[in-house]
Amino acid sequence: MSSIVTDAWKGYLLQLQKHPLRTKAITAGVLAGVSDSVAQKISGIKKLQFRRLLLLMLYGFAYAGPFGHFLHKLMDRIFKGKKGNTTVAKKVLLEQLTSSPWNNLFFMMYYGLVVEGRPWSLVKTKVRKDYPTIQLTAWRFWPIVGWVNYQYMPLQFRVIFHSFVASCWGIFLNLKARSVVVKAA
């Protein structure tokens with residue numbers, strides 16, 4: 001069993017080196033799918049909703065993975081050659097003031113418009129009501145993750161680490177973004 005895991009990890013690292021954007025996009029998509037499956041189970045959905053699952057995997061694949069890939073490349077370019085706690089703090093602050101608010105807002109809009117298929121007026125009302133709480137919660141949680149990511153993760157692993165933690169955050173967001181409460185039978 002150990003050799004299977006070792007070989008799979010080596011294969012993954014090779015793909016990450018040869019095709020970093022594609023590998024990060026696929027990883028983010030798969031983790032978004034896992035996150036949604038868990039969120040569906042927690043929320044009491046008896047039968048897995050495949051359309052929802054696929055749309056959230058698409059979100060991870062087409063948006064979250066590529067966005068993270070280019071964000072971390074940009075951060076590395078902005079702070080090129082700079083290290084230390086002050087630089088890490090600046091990266092975390094920049095990320096929290098720019099991409100964090102945008103990503104949470106974009107997820108809520110995507111979820112309402114695409115996943116749930118609701119009209120813009122209802123999505124806008126939901127965003128106005130819940131976005132401030134979600135963003136404030138994000139600012140309590142993500143700076144710690146950002147600190148660990150920028151301080152300890154090599155550039156090629158930042159999106160993967162972020163995607164893994166985001167799969168947990170995605171469960172929270174997913175449950176918070178839902179417009180309809182599902183009652184367990």
Side-chain angles (χ1 to χ4, degrees), residues 5 9 12-13 16-17 20-21 23-43 56-112 115 126-178:
V5 173
W9 180 245
Y12 182 83
L13 291 177
L16 187 59
Q17 185 179 12
L21 177 58
T23 304
K24 292 170 190 174
I26 292 169
T27 302
V30 168
L31 288 171
V34 169
S35 174
D36 183 58
S37 298
V38 172
Q40 286 190 43
K41 186 73 173 167
I42 289 172
S43 66
L56 287 167
M57 289 180 76
L58 177 64
Y59 175 86
F61 175 77
Y63 175 75
F67 182 90
H69 173 80
F70 291 113
L71 171 70
H72 289 290
K73 285 182 78 156
L74 178 63
M75 290 290 220
D76 204 45
R77 184 174 293 155
I78 291 170
F79 296 98
K80 187 174 182 138
K82 296 179 182 174
K83 302 220 184 274
N85 290 339
T86 302
T87 300
V88 171
K90 288 177 183 177
K91 287 179 179 181
V92 170
L93 184 62
L94 181 59
E95 183 178 345
Q96 292 307 304
L97 293 176
T98 59
S99 69
S100 175
W102 163 252
N103 283 332
N104 289 319
L105 179 63
F106 186 71
F107 179 84
M108 290 185 75
M109 291 187 308
Y110 178 85
Y111 195 94
V115 177
K126 177 82 172 146
V127 168
R128 278 193 185 134
K129 178 180 171 265
D130 290 343
Y131 177 76
T133 302
I134 288 170
Q135 189 55 50
L136 287 173
T137 304
W139 281 332
R140 289 184 194 110
F141 175 75
W142 281 105
I144 297 162
V145 174
W147 185 272
V148 170
N149 208 6
Y150 289 118
Q151 185 73 18
Y152 302 108
M153 292 293 152
L155 179 61
Q156 72 268 23
F157 293 124
R158 288 185 190 150
V159 174
I160 297 159
F161 175 75
H162 189 272
S163 293
F164 178 75
V165 176
S167 68
C168 299
W169 173 252
I171 294 167
F172 164 76
L173 260 189
N174 198 318
L175 294 172
K176 196 75 173 150
R178 296 185 74 225

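All values below were derived from every heavy atom in this structure, side-chain atoms included, with hydrogens, water molecules and symmetry-related copies excluded.
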Between CD on residue Gln17 and CD on residue Gln156, distance to nearest 0.5 Å: 8.5 Å
On a heavy-atom basis, which atom in Val127 and which in Pro132 lie closest, and how many Å separate them? O-CD, 3.9 Å
Tyr152, OH: over 12 other non-hydrogen atoms inside 6.0 angstrom: no
When rounded to the nearest 0.5 Å, the distance separating CG of Leu13 from CD1 of Ile160 is 7.5 Å
Tell me, with the steps shown, if Leu58 and Tyr110 meet side chain to side chain contact (heavy atoms under 4.5 Å, CB included). CA-CA 11 Å; Leu58 177 64; Tyr110 178 85; 4.0 Å; yes
So with a 6.0 Å cut-off around CG of Leu74, is the heavy-atom count from everything else above 12? yes
What distance do Leu155 atom CG and Met75 atom CE have between them, rounded to the nearest 0.5 Å? 11.5 Å
Between CD1 of Ile26 and CG of Leu21, what distance do you get to the nearest 0.5 Å? 9.5 Å
May I ask you to test the Thr137-Arg140 pair for a side-chain heavy-atom distance under 4.5 Å? yes
State, to 0.1 Å, how close Pro66 and Gly60 come at their nearest heavy-atom pair, and which atoms those are. CD-O, 4.1 Å
Leu16 versus Thr23, closest heavy-atom pair with distance: N-OG1, 3.6 Å
Minimum-distance pair of heavy atoms, taken over all atoms of His69 and Val159: N-CG2, 3.4 Å
Mind checking the OG1-NZ spacing from Thr27 to Lys24? Nearest 0.5 Å is all I need. 9.5 Å
Going from CZ on Phe141 to CG on Leu136, what distance comes out if it is rounded to the nearest 0.5 angstrom? 15.5 Å
Please confirm whether the ring centroid of His162 lies under 6.0 Å from the ring centroid of Trp169. no
Parallel, tilted or perpendicular: which fits the ring planes of Phe107 and Tyr111, with parallel below 30° and perpendicular above 60°? tilted
Show the nearest heavy-atom pair for residues Ser35 and Ile171, with the distance to one decimal. OG-N, 3.2 Å
Is any side-chain heavy atom of Trp147 less than 4.5 Å from a side-chain heavy atom of Asn85? yes
Listing, residues 90-103 side-chain donor-acceptor contacts under 3.5 Å, not counting sequence neighbours, or none:
unit_1 : atom_1 : unit_2 : atom_2 : d
Glu95  : OE1    : Tyr150 : OH     : 2.7
Thr98  : OG1    : Leu94  : O      : 2.6
Ser99  : OG     : Glu95  : O      : 3.2
Ser100 : OG     : Gln135 : NE2    : 3.0
Trp102 : NE1    : Tyr63  : OH     : 2.7
Asn103 : OD1    : Tyr63  : OH     : 2.4
Asn103 : ND2    : Ser99  : O      : 3.2

If you count every heavy atom of other residues, nucleotides or ligands that lies below 6.0 Å from Phe164 atom CZ, does the total exceed 12? no
